[in-house]
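In what follows, a structure is listed as structure tokens, so that the remarks can point back to it.
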Amino acid sequence: MTSLASIYHTARFWILITFLSLILGAVAIVTGWVDKSGNLSHRVSRLWCRLLCQLNGVKIEIIGLENISLDRPQIFVSNHQGYFDIFTLSGYLPVQIRWVAKASLFKVPFVGGAMSASGYIPVDRDNRKKAYEAFNKTLEKVREGCSIIIFPEGTRSEDGTIGPFKKGSNLIASRAKCSMVPVTLIGSGNIIKKGSGTISPGPIRVIISPPVEASADKKENEAVLESIRETIVSNQQSHA
């Protein structure tokens, strides 16, 4: 049975996300006309994400900010617990980020326009040609100096358990010749559980581990990705 508190938090979340999407989505679209790089629009998107956390009572704790390079792009490799993963990472990582997102999201009014203005990359995973085009666009963004966030599990965890990392998610790092940064998210899966639209505000802890250099060798790079998964699993177990 849904409690009154849960109904209140859920209603507040959907009202806020609708209102902020309309207002800040429009601002991001306009700033995209002024700054074609997407940097200004991403700052607006970053504000949108921070406000969604703050106004919904979600407190963010970040450990390891010193492991983020501010002068070069990095590939952030993170576990995927829930929708607030996106709000947290986009809102609180102090770098220019370009997301690779489902093409269908770019059709959402205001939100899709803001994503396009921010230089985010649509991908249709069911179309190999378009998926390859998205991969090349992602490489371009990294070479332009933007960082990328990857959820190598491919989907949100249902119970918080970190699933196997899909091979190939580290290919961008090896091709772009940049480092991968393990990111551990703890608590976000409790806010919106998979398959539910109910909101239960709570804290989120973000642990940013030291960067790991990608390898040009395929087998070595797969080993690097597995070592990143082990780091994230270890962080989750020790900080939960």
Side-chain angles (χ1 to χ4, degrees), residues 10-58 60 68 70 72-76 78 80 82-127 129-151 156 172 176 183 185 188 191-192 197 199 204 206:
T10 301
R12 182 176 67 173
F13 170 79
W14 290 110
I15 290 170
L16 284 170
I17 196 171
T18 300
F19 176 77
L20 291 174
S21 296
L22 290 172
I23 302 301
L24 294 182
V27 173
I29 291 170
V30 172
T31 55
W33 299 340
V34 177
D35 176 23
K36 300 298 182 182
S37 71
N39 289 347
L40 283 177
S41 294
H42 173 69
R43 289 180 183 176
V44 176
S45 298
R46 187 169 182 254
L47 173 63
W48 179 79
C49 290
R50 290 177 74 98
L51 287 175
L52 278 175
C53 291
Q54 294 170 2
L55 297 178
N56 282 290
V58 178
I60 310 298
I68 297 178
L70 301 179
R72 60 191 178 98
Q74 295 176 301
I75 307 297
F76 295 96
S78 173
H80 198 8
Y83 287 123
F84 267 84
D85 297 345
I86 296 170
F87 306 146
T88 300
L89 297 179
S90 194
Y92 288 87
L93 293 184
V95 293
Q96 281 291 330
I97 294 168
R98 298 295 179 265
W99 287 94
V100 181
K102 293 179 181 178
S104 58
L105 292 176
F106 288 78
K107 299 178 182 179
V108 178
F110 291 93
V111 173
M115 292 171 69
S116 296
S118 300
Y120 300 169
I121 304 148
V123 60
D124 182 353
R125 293 185 176 89
D126 295 327
N127 186 314
K129 182 180 179 181
K130 291 184 178 180
Y132 183 70
E133 290 174 357
F135 175 80
N136 287 330
K137 288 180 182 178
T138 303
L139 282 178
E140 289 177 12
K141 295 298 181 181
V142 174
R143 288 165 180 160
E144 289 172 4
C146 300
S147 294
I148 301 292
I149 297 173
I150 294 175
F151 296 125
R156 288 170 289 140
I172 294 173
V183 177
L185 290 163
S188 58
I191 298 173
I192 306 180
I199 309 298
I204 296 176
V206 184

Greater than 12 external heavy atoms within 6.0 Å of Arg12's CZ: yes
Any donor-acceptor N or O pair under 3.5 Å, side chains Gln74, Arg72: no
Contact list for residues 24-35, test side-chain hydrogen bond (donor to acceptor under 3.5 Å, both in side chains), sequence neighbours left out: Thr31-Ser41, Asp35-Ser37
Taking every non-hydrogen atom, the tightest pair across Ile60 and Thr88: CD1-OG1, 3.6 Å
Closest approach of Ile68 to Pro94 (non-hydrogen atoms, all atoms of both residues): CD1-CD, 3.8 Å
Full working for side-chain contact (heavy atoms from CB on, under 4.5 Å) between Leu89 and Phe151: CA-CA 11 Å; Leu89 297 179; Phe151 296 125; 4.1 Å; yes
Approximate separation, where rounding is to 0.5 Å, of Cys146 SG and Glu140 CD: 11.5 Å
Exceeds 12 heavy-atom contacts within 6.0 angstrom, atom CZ of Phe76: yes
Check: Asn136 side chain, Glu133 main-chain N or O, donor-acceptor pair, under 3.5 Å: no
Side chains of Phe84 and Ile204 in contact at under 4.5 Å (non-hydrogen atoms): yes
Set of residues satisfying side-chain hydrogen bond (donor to acceptor under 3.5 Å, both in side chains) with respect to Ser78, sequence neighbours excluded: none
Audit row: Trp99, Ser45, side-chain contact (heavy atoms from CB on, under 4.5 Å) steps and yes/no: CA-CA 11 Å; Trp99 287 94; Ser45 298; over 6 Å; no
Straight-line distance of Leu51 CG to Ile17 CD1, nearest 0.5 Å: 12.0 Å
Do any side-chain atoms of residues 102-110 form donor-acceptor pairs under 3.5 angstrom with protein atoms, and if so which ones, sequence neighbours left out?
none

From CD1 (Ile86) to CG (Leu52), nearest 0.5 Å: 11.5 Å
Minimal non-hydrogen separation, Val142 against Ala176, with atom names: CG1-CB, 3.6 Å
From OG (Ser90) to CG (Asp85), nearest 0.5 Å: 12.0 Å
Closest approach of Gly32 to Ala117 (non-hydrogen atoms, all atoms of both residues): CA-CB, 4.0 Å
Reported CD-to-CG distance for the pair Gln54 and Leu16, which is rounded to 0.5 angstrom: 11.5 Å
Taking every non-hydrogen atom, the tightest pair across Ile148 and Arg98: CD1-O, 3.0 Å
Arg46 to Leu93 - nearest heavy-atom pair and separation: NE-O, 3.4 Å
Atom pair CH2 (Trp14) and CD1 (Ile199), whose distance is rounded to the nearest 0.5 Å: 6.5 Å
Verdict with supporting geometry, His42 and Tyr120, side-chain contact (heavy atoms from CB on, under 4.5 Å): CA-CA 9 Å; His42 173 69; Tyr120 300 169; 2.7 Å; yes
Phe87 and Phe13 aromatic ring geometry - parallel, tilted or perpendicular at 30°/60° bounds: tilted
